[in-house]
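One structure below.
Each chain gets a letter, A, B and so on, in the order its sequence line appears, and its residues count up from 1. Just so we're clear, the structure is a prediction, and the values are computed from it rather than from any experiment.
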Protein chains: 2
Amino acid sequence: MKINAQQLLKEKNIRITANRILILESFLKSSYSLSIADIEESLPWADRATIFRTLMTFKEKALLHTIKDDDKALKYALCSDACQVNHHHIHPHFHCDICSKTYCLTQYEFPTPDLPENFKASNYSLIINGICSNCQ
Amino acid sequence: MKINAQQLLKEKNIRITANRILILESFLKSSYSLSIADIEESLPWADRATIFRTLMTFKEKALLHTIKDDDKALKYALCSDACQVNHHHIHPHFHCDICSKTYCLTQYEFPTPDLPENFKASNYSLIINGICSNCQ
DNA sequence: TATTATATGCAATCTAATTGCAAATGAGAA
DNA sequence: TTCTCATTTGCAATTAGATTGCATATAATA
């Protein structure tokens, strides 16, 4: 793991606890976004409410953002540096209809559409559905 | 009302009932998308399960599509003709952070981003957050 | 008008999210 | 190092929204 979870927490002024380190490490290790249930599965001793509140905290501190894909459960993914600089950012995500994984495509920017008169955009969230490279 | 709900149901091969006519009319009248709760409010005598199943049917028959915005409840909106021709379409939606209404911007197309190698897209769903013209 | 598949209403269930509260713990002060 | 106190945690309970089962009612067509 290149990026140190503990250090990242300190940088973000988040109190360091075992739970938080392990939950953050789950995200650092994963190439796709995770739901509360995903985290419960990888850390079976952890309490759902604690995971939930940890994710809330991480989101407030702009360490994570949420994604609503076609699955029932909300997913969470690490914010890139771009996210962290600017809270009003563009988020393309790819949801695989087969394995149901959702990938955060922060490096793939897209041009924003025009809007009707007097509509002011602050944030764009794009969900692309399809089939990922693993499931072809 | 320009478009006739009853006729629309017939075209789509959906059995005509009082419930379905009134629910469909709610959508024809509305300039924004509706949740189950919204419909319950405007048709207080209607049963939630019936509304739910009606919306399922409408979605299956490509009369409606669903939108997951920042609200908890799922929203539904009429499909445009474009939707109906091609099931793999592009959906820009605008969610107002103040009044919480979500508008379907079918006329506002956007260019699709490039994807990583071997990722095949079939559907794009864009949620734009911001402030609508009514709330400026 | 009779028949039959489909739609409805009601109550119950499910799933995921969310909260309350007392006990445990982290981080800075002494 | 130990003390102090705000913060975090674990457990149980609750909420919100979605979804289902089943008996009855109804639409469409013969």
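Put simply, CD1 on B/I36 is 12 Å from C1' on D/dA16, counting in whole angstrom units. The distance between atom CG of B/L9 and atom P of D/dT26, rounded to the nearest whole Å, is 18 Å. One interatomic measurement links the two molecules: CD of B/E40 to C1' of D/dG17, which rounds to 10 Å at whole-angstrom precision. Put simply, CD1 on B/I51 is 14 Å from P on D/dT19, counting in whole angstrom units. Going from atom CG of B/D38 over to atom P of D/dG17 covers 11 Å, rounded to whole Å.
No side-chain heavy atom of B/L74 sits under 4.5 Å from any side-chain heavy atom of B/L55. At least one side-chain heavy atom of B/P113 sits less than 4.5 Å from a side-chain heavy atom of A/I128. Looking at heavy atoms from C-beta onward, A/S26 lies in side-chain contact with A/L43 at the 4.5 angstrom threshold.
Exactly one residue among B/H93, B/H95, B/K101 makes a side chain to side chain donor-acceptor pair (under 3.5 Å) with B/D69. That residue is B/H95.
In plain terms, the two heavy atoms of B/I51 and B/E40 that are nearest each other are CD1-CG, 3.6 Å. The nearest pair of heavy atoms linking B/K12 to B/A62 is NZ-O, 3.8 Å. A/I131 and A/C96 get closest at one heavy-atom pair: CA-SG, 4.0 Å. B/C79 and B/H65 make their closest contact through SG-ND1, 3.5 Å (heavy atoms, listed as atom of the first residue, atom of the second, distance).
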| query | Pairs counted as Watson-Crick or G-U wobble with both distances under 3.5 Å: what dot-bracket string results for DNA chain D, using | for bases tied to another strand? | reply | ||||||||||||||||||||||||||||||
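In the 5' to 3' direction, nucleotides of DNA chain C lying under 4.0 Å from heavy atoms of chain A begin and end at C/dA16 to C/dA27.
If you chain together hydrophobic residues whose side chains sit under 4.5 Å apart, B/F94 and A/I127 never meet in one group.
In this structure, the side chain of A/S122 engages the main chain of B/N129 through a donor-acceptor pair within 3.5 Å.
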| remark: Per-nucleotide protein contact along nucleotides 5-10 of chain D, 5' to 3', at a 4.0 Å heavy-atom cut-off (B base, S sugar-phosphate only, - neither), is -BSSBB
| request: May I have the step-by-step check of ring-ring contact (aromatic ring centres under 6.0 Å, His included) for B/F58 and B/F27, ending in yes or no? | output: CA-CA 11 Å; B/F58 286 3; B/F27 283 98; 7.4 Å; no
